[in-house]
Structure formats: structure tokens, C-alpha cells
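So the structure is just underneath, and the comments pick up after that.
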Protein chains: 2
Amino acid sequence: MATIQDVAKEAGVSVATVSRVINGSSKVSPKARKAVLDAIRQLNYQPNLLGRNLRLMQTKMALVLLPTISNPFYSMIVKGMEDVAHKNGYNVMLCNTNSDVSREKVYLELMKNRLADGVIFLASEMSEEELSQIAMRFPVVQCCEYKEEARASHVSIDNKAAAYMAVKHLIKQGHRKIGLISCENSFISTKQREEGYKIALEEEGILVDLSLIKHGDYGFRSGIRAMNQFFIENNVPTAVFCISDSMAIGAIKSIWAKGLKVPKDIAVMGFDDINFASMYSPGLTTIAQPQYDLGCVSMELLLKVIGGEIIEPQTIYLEHELIIRESTLG
Amino acid sequence: MATIQDVAKEAGVSVATVSRVINGSSKVSPKARKAVLDAIRQLNYQPNLLGRNLRLMQTKMALVLLPTISNPFYSMIVKGMEDVAHKNGYNVMLCNTNSDVSREKVYLELMKNRLADGVIFLASEMSEEELSQIAMRFPVVQCCEYKEEARASHVSIDNKAAAYMAVKHLIKQGHRKIGLISCENSFISTKQREEGYKIALEEEGILVDLSLIKHGDYGFRSGIRAMNQFFIENNVPTAVFCISDSMAIGAIKSIWAKGLKVPKDIAVMGFDDINFASMYSPGLTTIAQPQYDLGCVSMELLLKVIGGEIIEPQTIYLEHELIIRESTLG
DNA sequence: TTGTATGCGTTATCAC
DNA sequence: GTGATAACGCATACAA
């Protein structure tokens, strides 16, 4: 494999000149430039970035930690991150953590070992303390999920306002007995969506009934189980707000199994607007997050932190949107 | 940031000894080892892999190029690749190509620039010629999709046999007029699934009727459109075999829109067994690929190619499975 | 068992 | 404009 030395020799110039041609860093005579370019082509030279990165002490690589690539919700977010990164000469390294702290830490080693310039977390399992520690020493941005107390920037929607809007929509359809299928986790979005649900009810003078709040794990099956609970307890709401689309689809399956119809007997709404929400029958009413923009803004922020333009942690909220489909229109 | 020099000074030994302790490469006296370990802890030292990689001319990093992370089909494959990679001290770099050749090439530059030791392609858009060129110079494995003529290893199922099995199942259910919703692309899997479809029909003495073959793009909407074609042309089969689950779900939606039932009026089967296939109502009959194993075997193969254990291109087929659910049982 | 010295491929500083 | 050369952090051949 040809090195910059070989190119210099072939072109009859010094390595410094070759480097200057490659990086356009300063003036080079047309004659020397041509000689270098010819030599590069001749030798099929590819710069070895290991050398450059070592010298520059940077890798133009950004880590993106996500719990799973099988959640379609992340796909557009990642696209946004990649587009912004590429526009700025950066590459993105996607890392599947499986919501496993130890796996997160393995990947973070890559940054600690200078193989990446910064990291974006999409739902970390680490403690606020650990996150703050890392953010003190390296460029860190949190996207969608975040730790409130961590001293690190974050970009997300206002989950409380979004859940509030969702429940208000159900109330407007005439529902008073509204169930919630939430999750038992420590995600800030969960906490905030529950808050939004409660505030919307209280504002209408509806008492928050804890027996109408069930829990799943975001997944389809857990949505079935949670909805079944209502039937088992013989305490069935006329509308159910699920904090994920997959659970909402599970809830619908459970409702059908009882011979009931959606939305005629029970209205169901989800959260996230995954692709499948519109593919389903009935189309699923849900809250759409600006996924692509969340990705773009997160990466822009990270690049600024890497560049040293931003020192203090930033908080950025983007707009969400209520998408009304058949599952709540009855 | 502390370097190996700092550690050496702190421990009162040479950098060589520190390096030896870190890599366990040769004998070090217990006393020196302890001094080094203490110094490392003291200084919170993290080796800079840029230096090591440059010196060793390897990165312990594998590139995985996939057309999109939003296709749930890839998720378990990637998991398998990651598990094997991690077990062998390797990291995986997921790269979203969006089925864009230029994007593929950008990522391949990372390998050409020595930032990765090898690459696994999941559905490349490059020509066989280009692929062969790259495989000549770098470790390359193709997973699931592959170019027949490319001189590079590949791991996949036997798509022809799988499609054959699928259509045979429909025939066994009593169907004779069986439609195919395929894709207009150059993927080998497409070609082979079409072949399997034809062979299964011919074997039963059923003439292959080209008007019963429609095309989509793997996606849900294209499944609707393709199925609609049958209705528009007033040439409706009693069973439809779709080469992707998403198209199958689209086909079902189209059938429902005509007031017909699945499988009572028309049986539908898919391919891939994505998670959603079992979540849907009716559950979708489909062909399951051993996704996790495909990933594992591909990565094992790549590591062997990187290690120089394998020189000649290998071809490995894994077993598929027919998953029978309600969408064809009527 | 340990230390010295060299080089991996690149960029940047300086002197010319 | 150009070239010689010193880093960047690490691993290792060789010498001791």
C-alpha cells in the first residue's frame, strides 16, 4: 500500500508538498500540484487516516448509542444525524446497546480511547452521576430521552405537553373514563407523559383513577396484557392512551379478542407515529415526533460542543404533532 | 490526558514495561507490574488507540453496510454480528447506506483508509466488478444478498428452495391460481424466489401465467398497489405469495378494501417473518430466515478472512423455515 | 526482566 | 513555494 512517502518520491517532491496538495492547506505551484496528483493516481494512493488522526488527535467520528435498531422510531432520527454529520465531514458510528449498561460502557471506551470525538445518547441506562462524569470530559448530547440532573445537553420534544394534547383529544371526543397504558421504567419521557395525562384529566375535573393506569414495556405483547387487565378487573375505560404505538396495537388486538370494535366501543391512541401506525387498520391516532429534525439538531449541537463553540449544557425542545386517524374517531 | 509516557514516569519504569503490562505480551516482574497498575489508576490512564492502531496497522473494527436500519429484518442479523465480533475483541460499525451507491463508497473509504479491518455487505448496490475489486484488496463478506459473479464469500439461505416451499404450501391448501408479488430489482434473492415460485407451479402442471406476477418495492404501500392491480385487471388469484411481509400486509389491506376476507377469499403469504408478522391479524404465514445465525456466521467468516485463515471465497447456506399462521389456513 | 531506540503515516513548524 | 524534520502515542527488536 502506497504511503505519502511513495507519492512524494514518485512525484519528485517532499512529503510536505504532497500533504499540502491533499489538504489544500497552503499554496502549491501548479506544476508541483499536477505532479502530485498524477503520482496519487499512478500509485492508487489512499491516505491512511490512522496517521492523520493520530497527528490531529481527532477522528471526525461521532458515536451514536441507541438501545436497539429494531425500533423503527430511531430510524429517521439516525438519518438526520447522519445527514448533518456527513455535511460536516463527520462519520457516524451506530452502536446497539440493547439497553445494557455494560454494553454502553464498552462503546464509550471507544471515545475514551480517542476513536470517536463525541457521543449522542438515545436513551441511556447509566446513572445521572456517570453521565455527568462523562460529559465533563467528553462532548455529549442526549436525544429524546435524557437525565434531568445530568450536566449534559439534550434535545427532545415536550413530552408532558404532547401527552396533554393526546388526552385532550380523547376528552374532546366525549370520553371521560380514559385509561393509560404506560411503562414501568425510569425514562423521563414516561414520567412526563404520565404527568400530561393527569393534568389533562384534572383540568376537566376528572379524578385520576389509579386503577385505570396499567403498565407495559413499549412492546406489542405487553399492550395486549395491559389491556386484558382492564377486562379482567371488569373496569374498562372507553378510551385508552398508550405511550407507544406498539402497545396501542396490542391493546387493539386485545379489544378485538373480546368481540369489541375500535373506535366504536373503545378508542385507542398511541405515541410516536411509527410507520406501521398508518399501515394498521384502523389507522392509529398518535403523537408524531419530528424524528428527522431531532436527529439533525442533536448532531448540530454535538458538533458545536466538539468544536468548543458550546460549553454550557443546552436544552432544546422541538415541536410535536397530533396525528388523528380512525382509531379515535367514532 | 495521560499518555503511556506519563504512566512510565509515574511508575518509575520505561514505556516498554508499561506497554508490556497493558498487553500482557511478555514477562514483567510482580513489582514493576504493581507499580504500573498503580500509576495507571493514579493517572486515570486510557490508552490512545490511535497510536496503537497506527503501530499495529489494524483497528479491530468491522464495517457493516446495510441499506436501512428501519427494516426490522436486519435487527437480529446485526445482533448476531455484534455478539460474535465482541467475543473476538472486535467492534462493529453500522453504516446506513440508504441503498445509495455513493453512500456505500463513502463508507468503504473508511476501510480503504484503514479505519476498519473488513466489511460485511447486506444488499449492496455496487456492480459485481466493483465488489470483486474491493474483495481482492480487502476482507469482504456478503450476507443475505450477494452478487453471484463477485469473487467474495457469501452467507444466505437458499431463496429458491424457500420460495418453492412457500408455494407448495399454498398448493397443498388447494390453490391453483396463485399470484406472485415480487420486486423489480436486481437482487439475487428476488430472482431466486421467482424461480422457486415457477418451479413449484410447473411441478404441479400449473402453467406460469405472467399476468399473475406483479411488482412492488418491498414496502407496504407497494403491496396495496400490486394487489389492486389484480382487481383492476379482473384477474384475481385465490392465493398470493409476496416476497416480503410488508407487501403481504399491504395486499391484505387491499383485499379488505374490496370487502373480501383473508384467508377465506384469498390466502396471503409473506417472506422474512418480521416481528410484525405475528402481531398482525390474521397472523401472517411466512418464511423465517435464521437471522441471528446469518449474522453470526457472516461475522465468523469475516474474522477468518481478516485473520488470513480463509483466502478462497466461501459459500454458506443456512436453513430457512416455513411458519404457518392464519393468513393461509382457510 | 528491563530499557533504548526506531518507526507506523501523517501534519505542522520552521528555515530557506 | 518548498523541503527537512519534529512530533502525535504506541509496540517491539534489540541490547543490556
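So that the names make sense, note that chain A is the first sequence line, chain B the second, and so on, each numbered from 1. Worth saying up front: this structure is predicted, and the values here are computed from it rather than measured.
Within the nucleic acid shown, Leu50(B) has no heavy atom closer than 4.0 Å to any nucleic acid atom.
Considering all non-hydrogen atoms of both residues, Val15(A) and Ala8(A) come closest at N-CB, 3.7 Å.
Proximity of a side-chain donor or acceptor of Asn88(A) to a complementary backbone N or O of Tyr90(A) within less than 3.5 Å is not detected. The main-chain N or O of Lys60(A) is found under 3.5 Å from a side-chain atom of Asp117(A) such that the two form a donor-acceptor pair.
Within the structure, every pair that satisfies the ring-ring contact (aromatic ring centres under 6.0 Å, His included) test and touches residues 108-157 of chain B, not counting sequence neighbours, is listed here: Tyr146(B)-His154(B). Note on residues 93-120 of chain B: pairs passing ring-ring contact (aromatic ring centres under 6.0 Å, His included), not counting sequence neighbours, are His86(A)-Tyr107(B).
Look at NZ on Lys60(A): it is 17 Å from P on dT10(C), rounded to the nearest Å. For the pair Gln58(A) CD and dT10(C) C1', the interatomic distance rounds to 13 Å; values are reported in whole Å. Taking atom NZ of residue Lys27(A) and atom P of nucleotide dG3(D), one finds them 17 Å apart after rounding to whole Å. Rounded to an integer number of Å, the gap from Gln5(B) CD to dG9(D) C1' is 7 Å. The nearest whole Å value for the distance from the CE atom in Met57(A) to the C1' atom in dG9(C) is 15 Å. In this structure, NZ of Lys9(A) is placed 20 Å from P of dT2(D), rounded to the nearest angstrom. Distance Asn53(A) CG to dC8(C) P: 18 Å, rounded to the nearest Å. The CG-P distance, from Leu54(A) to dA6(D), rounds to 17 Å in whole Å.
For dG3(D), the OP1/OP2 oxygens have a side-chain nitrogen or oxygen of Thr17(A) closer than 4.0 Å. In terms of phosphate contacts, Arg52(A) brings no side-chain nitrogen or oxygen within less than 4.0 Å of OP1 or OP2 of dG9(C).
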Name the pairs: protein N/O against N/O of nucleotides 12-16 of chain C, kept only if under 3.5 Å.
unit_1  : atom_1 : unit_2   : atom_2 : d
dA12(C) : O4'    : Arg55(A) : NH2    : 3.3

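Applying the side chain to side chain donor-acceptor pair (under 3.5 Å) rule to Lys304(B) yields no partners; only residues at least two apart in sequence or on another chain are considered.
Contact check on Lys9(A) versus Asp6(A) returns no salt bridge, with no Lys/Arg side-chain nitrogen under 4.0 Å from an Asp/Glu carboxylate oxygen. Residues Lys87(A) and Asp83(A) are not paired through a salt bridge, judged by the lack of any N-O separation under 4.0 Å between the basic side chain and the carboxylate.
With no hydrogens or angles considered, a side-chain donor-acceptor pair links Glu104(B) and Ser124(B) at under 3.5 Å. In summary, the side chains of Thr190(B) and Asn185(B) do present a donor paired with an acceptor at a separation below 3.5 Å, with no hydrogens or angles considered.
Residues from residues 38-47 of chain A placing a heavy atom under 4.0 Å of any atom in DNA chain C, listed by number, are Tyr45(A), Pro47(A).
For Ser29(B), the side-chain atoms get nearest to dT2(C) when compared with the rest of dT2(D), dT2(C), dT10(C). For Ile4(A), whose side chain is taken as the heavy atoms from C-beta onward, the closest listed nucleotide among dG9(D), dG3(C), dT11(C) is dT11(C).
You'll find the side chain of Tyr45(B) reaches within 4.5 Å of the side chain of Ile22(B), heavy atoms only.
Annotation: the terminal axes of the helix from dT1(C)-dA16(D) to dC16(C)-dG1(D) meet at 40°, where each axis is the rotation carrying the C1' atoms of four end pairs onto the next four (5 pairs per end, rounded to 10°).
Within 6.0 Å of CZ on Arg151(B) lie no more than 12 heavy atoms contributed by other residues, nucleotides or ligands.
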